[in-house]
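Okay, so here's the structure we're looking at.
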Amino acid sequence: MTSTGTHMTALRPPWLPDGYRCRAAALADVAAIHQLVAAYERELYGRPRTGPGRLAAELSLPGLCPESDTLLVHDGAGGPAGFCWVKGRRARVHVHPGHQGRGLGSGLLGWTEDRARSAGGDRLAQTVSDTDHAATALLRAGGYARLVTEWLLEIALPHEPYVPEAPAGISVRPFRHGDEQAAYRLTEDAFDEWQPRRKTYAEWARRTVERPTFLPAASPVAFAGDEMVGAVLSLDVQGHDGGHEGDRDGDAEGGAGGYGEGYMEGYMEGYVERVAVRRDHRGRGIARTLLWQAFRTFHRRGRSACTLWTHSGTGAFALYEHLGMTVRRSSTVYCKALVAG
């Protein structure tokens, strides 16, 4: 198996079955990749959940070079059969359900490991839905161990929620232009407790305030004097279901962290992308007040529900459960130490 991660139109990996070909992916391939992912999600969940915009955002992630960090497999008719990418210590693998059982999954998994290893990586993580038993078995057989469990939580909004008063000495208002740097420092400081590295402002903004679906009105921020001490950053999306698993940063009161628009047609719902409270102000009910503010805004905009992701490493599940949120679905992050080949 090659470990160069370069274009592979000329160099055929030994694991690739006869009749298939592969090459690096590009933004022009988003429609084909979406066809593959939609088929996978329809098989797993009964309906597609990820839109092409989410996939384009993945291929545009800072630090991901499509020419060397992706691989797209086509069948003999030119249809998409498999796709993977690797960035740092994260990777994702998809195989079209019509092409499973032919070694593509294990081949692409091995390719991501080789690519990460050649880039100097010492470990690699993949996130899979807890309902994808085949992918779970493949990872376990490949030496991956469970790292954390992630939950997509939801709250129905049939009535306007009650919003508790902010704690004494705390003022709350919607996010507005000029809050970006303070919100960046607050959320990244909070997430430093578990994320592998601090994001640059450009990376953070791309995932939050620069997204087309970012909704300042549903993104309340809390201040102690003139210092931002809490923030909820929200997206207004079409039937959000969390997009792909993975690439979520957790909570810091925690902080909810998600990544992607969903693809469930027919209704709109709110999505909390980040929740963070400064360490010296935690335990005062700030996160609860901010979340209820966001929920109320979404209800007033006619949204039927609001969702967010959290994981077992944050300890924030009890907070969300206390608010009345329930589990819509779950996934598990599996990690493997990479041994130099």
Side-chain angles (χ1 to χ4, degrees), residues 1-42 48-100 102-121 124-127 199-200 202-203 205-207 210-213 243-247 259-263:
M1 183 182 303
T2 181
S3 60
T4 62
T6 56
H7 281 280
M8 299 185 67
T9 51
L11 182 60
R12 180 185 179 85
W15 51 264
L16 193 66
D18 291 339
Y20 291 86
R21 55 191 174 85
C22 61
R23 60 171 173 80
L27 280 174
D29 296 309
V30 165
I33 296 170
H34 178 248
Q35 178 185 341
L36 184 161
V37 172
Y40 163 81
E41 293 180 338
R42 190 177 294 111
R49 291 180 165 177
T50 302
R54 170 68 179 87
L55 300 171
E58 283 189 352
L59 289 174
S60 303
L61 285 171
L64 187 146
C65 177
E67 292 81 4
S68 58
D69 298 332
T70 69
L71 197 65
L72 178 61
V73 178
H74 289 93
D75 61 18
F83 170 67
C84 69
W85 61 255
V86 59
K87 174 182 176 292
R89 292 175 171 174
R90 278 282 187 175
R92 180 164 297 128
V93 172
H94 280 296
V95 176
H96 192 289
H99 297 275
Q100 293 177 358
R102 306 179 190 184
L104 293 180
S106 58
L108 290 169
L109 181 63
W111 187 92
T112 64
E113 294 174 7
D114 282 355
R115 173 59 190 149
R117 193 180 292 113
S118 70
L124 193 64
Q126 301 239 11
T127 308
K199 296 179 185 64
T200 65
E203 289 177 289
R206 191 175 197 134
R207 299 183 180 210
E210 291 180 358
R211 298 180 70 162
T213 51
H244 287 312
E245 287 84 2
D247 297 310
Y259 190 37
E261 282 80 34
Y263 189 71

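For the single chain, residues carry numbers from 1 onward in sequence order. What you see below is based on every heavy atom in this structure, not just the backbone, and it leaves out hydrogens, waters and symmetry mates. Given the structure is predicted, the values throughout are model-derived calculations rather than measurements.
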Which residues share a salt bridge (charged side-chain N to carboxylate O under 4.0 Å, His left out) with D29, sequence neighbours left out
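Salt bridge (charged side-chain N to carboxylate O under 4.0 Å, His left out) list for D29, sorted by chain: R23.
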
Under a 4.5 Å cut-off applied to non-hydrogen side-chain atoms, are [X] and [Y] in contact?
X: W111; Y: C84; answer: yes
X: L104; Y: L16; answer: yes
X: Q126; Y: T112; answer: yes
X: P66; Y: L27; answer: no

Determine whether D69 and W85 satisfy the following criterion, side chain to side chain contact (heavy atoms under 4.5 Å, CB included), listing intermediate values before the conclusion.
CA-CA 6 Å; D69 298 332; W85 61 255; 5.6 Å; no

Excluding sequence neighbours, so at least two apart, what forms side-chain hydrogen bond (donor to acceptor under 3.5 Å, both in side chains) with E113?
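side-chain hydrogen bond (donor to acceptor under 3.5 Å, both in side chains) list for E113, sorted by chain: Y144, K336.
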
Apply side-chain hydrogen bond (donor to acceptor under 3.5 Å, both in side chains) to T200 and list each qualifying residue two or more places apart in sequence or on a separate chain.
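Only E203 meet the side-chain hydrogen bond (donor to acceptor under 3.5 Å, both in side chains) criterion with T200.
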
So if I apply the side-chain hydrogen bond (donor to acceptor under 3.5 Å, both in side chains) rule between T50 and each of E41, H94, H34, E58, which one comes out positive?
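Going through the options one by one, the only one that passes is E41.
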
Closer than 3.5 angstrom, by distance alone: can the side chain of R89 be matched with the main-chain N or O of G121 as a donor-acceptor pair?
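Between the backbone of G121 and the side chain of R89 there is no qualifying donor-acceptor contact (under 3.5 Å).
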
Run the side chain to side chain donor-acceptor pair (under 3.5 Å) test on R90 and T127 for me, step by step, so that the C-alpha distance in whole Å, both residues' side-chain angles and the decisive distance to 0.1 Å come before the verdict.
CA-CA 9 Å; R90 278 282 187 175; T127 308; 2.5 Å; yes

Anything under 3.5 Å between a donor and an acceptor, one on a side chain of residues 71-83, the other on a protein residue two or more places apart or in another chain? List them.
from, atom 1, to, atom 2, distance (Å)
D75, OD1, A77, N, 3.0
D75, OD1, G78, N, 2.9
D75, OD1, G79, N, 2.7
D75, OD2, H99, NE2, 3.4

